[in-house]
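Comments concern the structure below.
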Amino acid sequence: MAFWKKKQKDNPQIEEEQFLQYEERPERPRKKRKKANRQILQITYIFVMLFLALIGYMVKFIIVDSSGVIANSHNKRQSAFAEKVVRGRIISSNDKVLAQTVLDSSGNEQRDYPYGKMFAHVVGFDKNGRSGLEGSYNYQLLTSNANLFMQVVNLIKGDKNNGDDLYTTLDTRLQKAAYEALGDQDGAVIAIDPSTGKVLAMVSKPDFDPNYIESEWSRLNASSDSVLINRATQGLYPPGSTFKMITALEYIRENKNYDDFSYQCTSSIIKNSNKISCYHGTAHGTVNLKQAIAKSCNTAFVELGSDLNKGNLKELAEDLLFNKKIPIDVSNKKSSFKVTKKTDKSLMPQIVIGQGDTLITPLNNALIMCAIANKGVIMKPYLADHIENYNGGTIKEYKSTEYAEALSSDEADTMKEMLTAVISDGTGSVLKTSQYTVAGKTGSAEYNSNKDSHAWFVGMSNVDDPDLVVSVLVEDGGSGGQSAAPIAKRVFDSYYNNELNQ
């Protein structure tokens, strides 16, 4: 009212009612301007974020993805590289050439594979698309890091530069032993150093000769045997009794007194409406957990495994790389474990002995054994050791790296002890030798209603300080102890005898 009185004094004609109306009149609204400013600011933030994301993607593409895009077999830029660079060699860890470019009688470049079928899947081929290491390291093989002077001279002369060479972890002696041991059987063999992840051998059959890939392409693609599939990394098989390693580990986790387990095997059991029998109807008598593993007693594992915590079992399986893409230099498929908390209990008796819908690659089975051999740690598996230029200078080294800590050290040691009994007193007795110690697991995995079986063996040598892990799968091989274990033994023998007859 003080304001009103001042106004009235200055202008007595102003009525109080008029001034009150004037005083209470609201100011002109400014909300629309503030709202418009906020919208402009928000749009600015969005554009800044998009710009930063674009920069981040470009950096990632240049550093991480570019070589993969260039190496893609559908990338037409590769022909431009090939016009200027002679494709580099692929070389074994013991300095044997596995792939090289040579000139034919007409002076045309041809890719030559001195070992023919032996390294067909892992080294791969360079025509009709690319596979194996030829595909994975295409960019590196078509890159020349020769000295600058030589590159200038070649440019003036119109000659090609020499591409860089890929030195692998593969050993021709182990590869030869695995290849010959598998013989004319279909399947896969893979050998890995568990402490580093280096893949020392990788064999897949049926095979092909990459020297004749162009002329044989139509036949190979039409084959019902899936000849071009690398069974070591892309073949999916029921794990059979090798899965009992995982079942046993989960049982140990859930039962502190696992040493007290005892079961009377009478050759068959009915559990959750399932009748399960031991292989060939064998009655194993009274067995503890260690003996059940050694003798691969189906009924004992059905008894101890059918009521395990399904969620925990799935978590353990995934820690051991089921349902995950394994980071290795060549194409591979995910192993599959479909159990969930809602899985019907009637399915568990088959699942815990490695049957049902569970599928695994020989590579994955090898890495499970690597975890047990290496105190629970899985090292990232790899095939490329280093890249050298034409002058022998090292361009890049691929180092051993830890991939996953799947088990505790105590769990790994416990399983190692139990798997030793498979060799000393169980189904893997063919691997007994005074030259080295072995721990492992055999498996017979039924794959059809006729109860035909694939044969498995996966194991480690020099158990106290493991040197080598070998995984063997023989398609339609029947008993793992009879078909797969002898193949593994020949690979172990080769490793320790250091055979020189490549």
Side-chain angles (χ1 to χ4, degrees), residues 236-320 322-323 335-360 364-365 368 411 414-415 418 422 426-427 441-454 456 479-480:
L236 289 168
Y237 305 91
S241 292
T242 62
F243 191 83
K244 291 172 184 172
M245 295 186 292
I246 297 176
T247 303
L249 279 164
E250 182 56 34
Y251 182 82
I252 290 169
R253 287 184 174 184
E254 294 185 23
N255 297 272
K256 301 296 184 183
N257 59 341
Y258 63 87
D259 279 334
D260 295 336
F261 174 80
S262 180
Y263 177 76
Q264 180 69 33
C265 171
T266 60
S267 82
S268 66
I269 185 175
I270 297 175
K271 187 78 171 181
N272 298 347
S273 304
N274 275 262
K275 182 177 181 180
I276 308 290
S277 298
C278 285
Y279 191 68
H280 287 326
T282 303
H284 296 110
T286 302
V287 294
N288 58 26
L289 180 57
K290 186 175 182 179
Q291 292 167 332
I293 291 175
K295 299 178 186 298
S296 203
C297 180
N298 284 344
T299 60
F301 270 87
V302 168
E303 177 64 24
L304 68 87
S306 294
D307 297 320
L308 292 173
N309 183 297
K310 288 176 281 193
N312 290 344
L313 183 62
K314 180 184 181 183
E315 183 177 349
L316 174 59
E318 292 184 341
D319 285 344
L320 291 166
F322 277 87
N323 303 329
S335 299
S336 174
F337 188 66
K338 297 181 179 179
V339 170
T340 68
K341 294 178 180 179
K342 297 181 179 180
T343 298
D344 194 281
K345 66 178 183 178
S346 65
L347 300 176
M348 294 306 295
Q350 290 284 352
I351 289 169
V352 296
I353 60 171
Q355 297 292 159
D357 292 333
T358 304
L359 296 171
I360 193 171
N364 195 162
N365 232 350
I368 292 172
E411 288 173 334
T414 298
M415 284 305 302
M418 291 187 175
V422 173
T427 56
K441 185 71 190 78
T442 60
S444 301
E446 295 179 2
Y447 63 89
N448 62 23
S449 58
N450 295 328
K451 298 187 181 298
D452 294 323
S453 299
H454 298 315
W456 279 103
S479 165

Legend entry - Atom pair NZ (K244) and CG (L289), whose distance is rounded to the nearest 0.5 Å: 11.5 Å
Legend entry - N257 side-chain N/O to D260 backbone N/O, donor-acceptor pair under 3.5 Å: no
Legend entry - Donor + acceptor pair across side chains of S296, S241 (<3.5 Å): yes
Inset, instruction - Working to the nearest 0.5 Å, report the span between CZ of F243 and CD1 of I353. - result: 11.0 Å
Inset, instruction - Could you please spell out the steps behind the side chain to side chain contact (heavy atoms under 4.5 Å, CB included) verdict for L308 and M348? - result: CA-CA 9 Å; L308 292 173; M348 294 306 295; 5.9 Å; no
Legend entry - Within-4.5 Å side-chain heavy-atom neighbours: S336 and D357: no
Legend entry - Shortest non-hydrogen contact from S335 toward N364: OG-OD1, 2.8 Å
Inset, instruction - State whether the side chain of Q291 and the backbone N or O of N288 hold a donor-acceptor pair below 3.5 Å, judged by distance alone. - result: yes
Inset, instruction - Applying side chain to side chain contact (heavy atoms under 4.5 Å, CB included), run through I246 and F322 and close with a yes or a no. - result: CA-CA 11 Å; I246 297 176; F322 277 87; 3.6 Å; yes
Legend entry - R253 side chain near N309 side chain, heavy-atom distance below 4.5 Å: no
Inset, instruction - Would you name the heavy atoms of N298 and S277 that are closest together and state the gap between them? - result: ND2-O, 3.0 Å
Inset, instruction - Check for a donor-acceptor pair, side chain of E250 on one end and backbone N or O of L316 on the other, with a separation under 3.5 Å. - result: no
Legend entry - Closest contact, heavy atoms only, K314 versus V339: CD-O, 3.0 Å
Inset, instruction - Find the distance between OG (S267) and CD1 (I276) and round it off to the nearest 0.5 Å. - result: 12.5 Å
Inset, instruction - List the atom of Y447, the atom of P238, and the distance in Å for their closest heavy-atom pair. - result: CB-CG, 4.4 Å
Inset, instruction - Nearest 0.5 Å please: distance from the NZ atom of K441 over to the CG atom of N365. - result: 10.5 Å
Inset, instruction - Would you confirm whether N448, through its side chain, and N450, through its main-chain N or O, come within 3.5 Å as a donor-acceptor pair? - result: yes
Inset, instruction - Please examine the side chains of Y258 and T414, heavy atoms only from C-beta on, and report whether any two atoms are closer than 4.5 Å. - result: yes
Legend entry - Distance-only side-chain donor-acceptor flag, E446 / S453, under 3.5 Å: no
Inset, instruction - Could you pull out the closest heavy-atom pair between T343 and K310, with the gap in Å? - result: O-NZ, 2.5 Å
Legend entry - Considering all heavy atoms, the nearest A300-V287 contact: CB-CG2, 4.0 Å
Inset, instruction - Before giving the answer on side chain to side chain contact (heavy atoms under 4.5 Å, CB included), spell out for N255 and F261 the whole-Å C-alpha distance, their side-chain angles and the decisive distance to 0.1 Å. - result: CA-CA 9 Å; N255 297 272; F261 174 80; over 6 Å; no
Legend entry - Side-chain donor or acceptor of K295 paired with backbone N/O of H284 under 3.5 Å: no
Inset, instruction - Could you tell me whether the side chain of T247 and the main chain of V352 form a donor-acceptor pair under 3.5 Å? - result: yes
Legend entry - N274 side-chain N/O to N272 backbone N/O, donor-acceptor pair under 3.5 Å: yes
Inset, instruction - Rounded to the nearest 0.5 Å, what's the gap from CZ on F337 to CD1 on I360? Could you check? - result: 10.5 Å
Legend entry - Spatial distance of atom OH (Y263) from atom OG1 (T286) [nearest 0.5 Å]: 10.5 Å
